[in-house]
Amino acid sequence: MADQNPGFSTLAVHAGATPDPATGARATPIYQTTSFVFEDVDQAAALFGLQAFGNIYTRITNPTTAVLEERVAALEGGTAAVAFASGHAAQLGVFHTLMEPGDDFVASNKLYGGSINQFNHSFKNFDWNVIWVDADEPQNIADAITPKTKAIFIESIANPGGVISDIAAIAKIADAAGIPLIVDNTLATPYLCRPFKHGAHIVIHSLTKFMGGQGNSMGGIIVDGGNLDWSASDKYPMLSKPRPEYDSLVIHETFGNFGFAIACRVLGLRDLGGAISPFNSFLILNGIETLPLRMEKHCANALKVAEYLSAHDAIEWVRYAGLKDNPYHALAEKYLDHGAGAVFTIALKGGYEAGIKLVSSVEMFSHLANIGDTKSLIIHPASTTHKQLSDEQKTAAGAGPDVVRLSIGIEDADDIIADLEQALSAG
Ligand SMILES: *Cc1c(COP(=O)(O)O)cnc(C)c1O
């Protein structure tokens with residue numbers, strides 16, 4: 001290859017992969033095996049003691065998954081990555097490495113609903129406490145940090161309301177406190193936003209969405225930015241203190257700027273068990289090859305649809321950061337390279353009934369609870385995901401009775417608009 005750093009589209013196709021050394025297969029093979037034969041007793045001992053890199057058991061490493069991990073690490077500009085069975089499994093893996101019982105972390109109150117549930121309820125069982133703040137004002141985060149705060153958690157583009165986070169300002173607060181800024185980059189993907197460039201320390205993804213991109217496989221990933229000194233304080237004993245099960249090895253001291261990823265693998269994946277299937281790694285890898293092409297089309301279509309809906313009589317408002325009059329437009333210009341993503345919300349003048357009518361009348365759009373598919377998707381949160389909440393709670397969560405969420409696909413924009421037009425005028 002030419003003597004230059006490969007560009008994003010080249011990395012999306014090639015990073016981490018070579019023709020299979022055993023067979024010459026050009027596509028990355030699916031290593032659908034649970035376990036790997038040792039060369040001899042000494043090699044087995046070295047693998048178990050973390051003195052050598054190699055495959056033991058697919059819960060911890062797998063060659064197909066390793067290509068996926070290397071590729072995403074390259075696209076994000078991180079030092080290493082660790083794949084998990086889902087985005088939520090990856091989030092559990094991150095916090096398992098950082099937190100001890102009684103610790104807390106500060107999170108933006110505008111997050112994917114599933115993350116709000118995970119943090120509010122299941123994390124409490126580990127005695128991990130979330131402190132919610134309005135992260136639009138970064139000072140709120142600084143004010144919320146306590147001696148027990150181990151991390152800050154935000155989304156680059158928050159699902160679903162098109163909120164854009166001021167990553168650089170929040171990263172400065174994290175640096176001053178000596179704690180990591182974790183960015184959930186699911187809605188942006190590294191094609192639109194590379195949080196490490198702006199000072200973030202850990203990036204996570206639900207690979208289930210735009211990264212895989214075709215709505216066929218669950219997956220998640222943690223990417224290590226390699227830019228935090230885990231031994232600067234005694235806040236992170238899993239990284240800075242000897243590990244009894246690995247002959248007193250100290251993970252950060254031994255593995256340096258990819259120590260966080262190693263801990264997520266040899267402690268998190270090993271003990272929590274949320275490993276991705278090699279078959280899913282294969283499908284997601286194939287999806288990532290076309291990520292730049294798909295994101296260009298997703299973003300161009302989303303802008304056209306948002307402009308069309310902004311001018312429509314039946315629509316009260318459109319919240320899409322790609323629109324010039326959106327309050328987050330300036331942050332979108334600063335942090336997003338090729339567009340403002342493809343997920344946004346609209347409010348209907350006709351309220352709850354109009355929301356039900358729209359999701360019942362669309363023909364090409366699919367009415368379901370997902371985002372980031374090639375296909376255009378629609379959901380009315382008030383009658384589905386947020387049904388159990390009061391109207392007041394729904395509105396606070398950005399899911400008032402009149403709100404509909406769209407995930408714009410890569411079909412022809414004219415056909416997407418025509419489907420919305422017929423559904424909005426259906427009698
Ligand atoms: C879907 C999603 C998750 C959770 O990922 P799963 O793969 O569904 O577990 C986390 N964050 C965001 C922003 C998401 O959209």
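Both ligands and their constituent atoms are indexed starting at 1 by order of listing.
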Response to the item:
In ligand 1, the atoms that come under 4.0 Å of a heavy atom of G219 are 7 (O)

Worksheet item: Has ligand 1 got any nitrogen or oxygen that is less than 3.5 angstrom from a nitrogen or oxygen of H88?
Response: yes

Worksheet entry | With sequence neighbours excluded, residues passing ring pair (Phe, Tyr, Trp, His ring centres under 6.0 Å) with H329 | none

Worksheet entry | Min N/O separation Y112 to ligand 1 under 3.5 Å | no

Worksheet item: Please state which protein non-hydrogen atom is closest to atom 13 (C) of ligand 1 and give its distance, to 0.1 Å?
Response: D184 OD2, 3.4 Å

Fill in: ring-ring contact (aromatic ring centres under 6.0 Å, His included) evaluation trace for H380 with Y352
CA-CA 9 Å; H380 179 224; Y352 188 87; 5.2 Å; yes

Worksheet item: Side chains of T79 and N257: do they bring a donor and an acceptor to under 3.5 Å?
Response: no

Worksheet item: Below 4.5 Å, heavy atoms only, C-beta onward: do I204 and I221 meet side chain to side chain?
Response: no

Fill in: Closest protein heavy atom (residue, atom, distance) for atom 8 (O) of ligand 1
M218 CE, 3.7 Å

Item to complete: Could you tell me which atoms of ligand 1, counted from 1 in the order shown, lie closer than 4.0 angstrom to a heavy atom of S86?
Response: 7 (O), 9 (O)

Item to complete: Tell me whether the centres of the aromatic rings in F105 and W128 are closer together than 6.0 Å.
Response: no

Worksheet item: Would you call F36 and L47 a side-chain contact if the rule is heavy atoms closer than 4.5 Å?
Response: no

Item to complete: Determine whether F210 and D373 make a side-chain contact, defined as any pair of heavy atoms from C-beta on separated by less than 4.5 Å.
Response: no

Worksheet item: Which ligand 1 atoms, with their elements, are less than 4.0 angstrom from a heavy-atom of I371?
Response: 15 (O)

Discussion item. Which residue and atom name correspond to the protein heavy atom nearest atom 6 (P) of ligand 1, and how close is it?
Written reply: G87 N, 3.4 Å

Worksheet entry | The one among Q118, K209, Q91, M211 that brings a heavy atom closest to atom 1 (C) of ligand 1 | K209

